[in-house]
Amino acid sequence: MAITTADAEPLPDTNGNTTAPGLVPGEASMWFFILGDLLIFGVYFVCYMVYRGEHAGLFLQSQRHLDQGIGMSNTVVLLTSSLFVALGTEAARAGKAARATRLVGIAFACGAVFPILKLVEWLPKLGAGITPGENLFFMFYYLMTGLHLVHVLLGLVILGFVLRSLRSASTPNMKFIETGGIYWHMVDLLWLLLFALFYLIR
Amino acid sequence: MNAYLRNPLTYVWALLTVVTVISWWISQGADGGFQTNRMVTLGVLMIAALKVHLVMRYFMEVRRAPTWLKRTTFGWLMLLFCLLCGFGLAYA
Amino acid sequence: MSESILAANPATREGRPWYRNRKLDQYICFWSVPFFYNLFGLVFVPLSWMMPPRSPTSDIADVIAFMQSPNLLIACTILTLAIGLSAVGNACYMVQMRRMSVSPVFLFAFMAGAIVGAVVGALFPMFCFGLGAFRSGYDPEILQMMYDFGYLSFIGSLGCFVLNWGMLGLAILLDKNNILPKWLGYYVIWQLMTEFFVATVWIAHDGPFAWDGLLAFWFNMVIYVPWQIIVYVCIFRAIRNQPENELRNARFKPGATYA
């Protein structure tokens, strides 16, 4: 880096700040993954809607069995977690590693609530005999929320690595923190759509 | 603490949470829901699209990203929204 | 021809005829792949009409007519002779994975996963279908069972590849030698996600999640086929870019004798 301390730059580029014009936030290859993921989930969402149109009564009856309260709580949990990741990224970019660690730590704790609530939601259902084989709605429901849950668990692992990177390195690896962040926001974004499609539409 | 409260990200989060509650309220409907209702579906989908847009723009920082990424993500959202509305409202 | 001469004088590399190319083994493995996949396609589609998958709810008369078609025996013969080529094709991946800066666990898990997938996904169904043609006079119920067995193992085996491709994807992402591009690692992982949906063929008998369904089969094929081609293109480039001093063939030692 040619930037010296004498430069008047408020945010020196030494910590890999990528908000310069022309560059995507985080690693470009992560965006490749995210766009592909959005495309695949998009196809699943549209398929769900098509089959919903064919079996409107069945889907509506099955939706009664979903727990609106848990769905709402999970939405708020992920939104809050996303907020703290975004705040943490800003703090890390401003060079405040300790504050960033605290914020991402809160985000991780919020995110960890999601799988627990998911189990609270799934286990009584499975116990009552409502399995993926029940009908087409529940096949979609378990598969898509299950695939999303895998994303959440992977996201928690990534957030763990972000925390480790924030704590151990003297200058945080901004590229990596941003990459982990945008992955986590994508997980949030997919849940917003799942929540609307499975719990709310009529 | 005050700095967090003044942060635009916090406003975005507050907006996201409020519209989440609104979409839930719409969905509950007048008579407890669980009737097919195109207006509810349309409202819920519009709010979901708005939320996704906000998450992409502010949290994923697409608003500061190059134009091609802005166009691709927004295009994906619009295409998805149109298809979902089309199939979601067109059932018999 | 010794390593030091090659390093000192790159011109000797240029003048070598193709059959003296030191990567000839890898290129042969590589070019066996299009041959194998085309043969595989011919056997499964126009020869036996096993693919695209028939419906799980087919009429019993249709099942019997299909199971007794004599072409299935020819298909079985060709496939048993050619299945070994899948191992040769997988060797391309494995030689490149060995160059990555990751634990050999990835390589061995990939290898084991590929073997399981090839046996369950190609040989089992072919044998199931071939049995009906081999001896006429099996009960219709038995033929029906073999039909279910054949399709469940063909489509259901896509799940076996989750581990296999997962190992490849992770190895690419964790590798620090940049043997294969990082985006390919992410591409592997989203291809792999669609394979989770195949688990549903054990539950659903019709609709999008049955073994001939939109989401369990067709969408996976749309994602899988271009993906497989792109992976092999990247593998080809990795072979081409591999420096000759990284080839790990044992060195010829003049004067070696049996102890």
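Convention: sequence-line order gives letters A, B, ...; per-chain numbering from 1.
- For H185(A) (side chain) and M56(B) (main-chain N/O), no donor-acceptor pair under 3.5 Å exists by modelled atom type.
- Residue V12(B) does not touch chain A at all, counting heavy-atom pairs closer than 4.5 Å.
- In this structure, chain B has a heavy atom under 4.5 Å from the side chain of E90(A), while its backbone stays farther away.
- Looking at W76(B), the atoms closer than 4.5 Å to chain A (heavy atoms on both sides) all sit in the side chain, from C-beta outward.
- Counting heavy-atom pairs closer than 4.5 Å to chain A, the top-ranked of the candidates T41(B), T73(B), L77(B) is T41(B).
- Against chain B, the residues from residues 65-85 of chain A that qualify, each with a non-hydrogen atom under 4.5 angstrom away, are Q68(A), M72(A), T75(A), V76(A), L79(A), T80(A), S82(A), L83(A) in number order.
- Residues satisfying the salt bridge (Lys or Arg N to Asp or Glu O under 4.0 Å) criterion with K118(A), sequence neighbours excluded, are E121(A).
- Ranked by heavy-atom pairs under 4.5 Å with chain A, the list V40(B), V52(B), L42(B) is led by V52(B).
- A salt bridge links R93(A) to E61(B): one of the charged nitrogens lies within less than 4.0 Å of a carboxylate oxygen.
- Of the residues considered (L83(B), L89(B), T36(B), L84(B)), L84(B) shows the highest number of contacts with chain A, using heavy-atom pairs under 4.5 Å.
- In this structure, the portion of W31(A) lying under 4.5 Å from any heavy atom of chain B is its side chain and not its backbone.
- Exactly one residue among F41(A), F114(A), Y44(A) makes a ring-ring contact (aromatic ring centres under 6.0 Å, His included) with H148(A). That residue is F114(A).
- Under the 30°/60° scheme for interplanar angles, the aromatic rings of H55(A) and Y51(A) are found to lie parallel.
- Looking only at distances, a side-chain donor or acceptor of T17(B) sits under 3.5 Å from a matching main-chain atom of W13(B).
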Donor-acceptor pairs under 3.5 angstrom involving side-chain atoms of residues 95-111 of chain A: please list them, not counting sequence neighbours.
{"residue": "T101(A)", "atom": "OG1", "partner": "A97(A)", "partner atom": "O", "Å": "2.6"}

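- Under the ring-ring contact (aromatic ring centres under 6.0 Å, His included) criterion, F74(B) pairs with H53(B), not counting sequence neighbours.
- Using a distance-only test at 3.5 Å, with no hydrogens or angles considered, a donor-acceptor pair links the side chain of Q63(A) to the main chain of I201(A).
- Ring-plane geometry between Y48(A) and F59(A) is classed as tilted, the angle between the planes lying from 30 to 60 degrees on a 0 to 90 degree scale.
- Both the backbone and the side chain of N37(B) come within less than 4.5 Å of a heavy atom of chain A.
- With a 4.5 angstrom heavy-atom cutoff, Y199(A) touches chain B only via backbone atoms.
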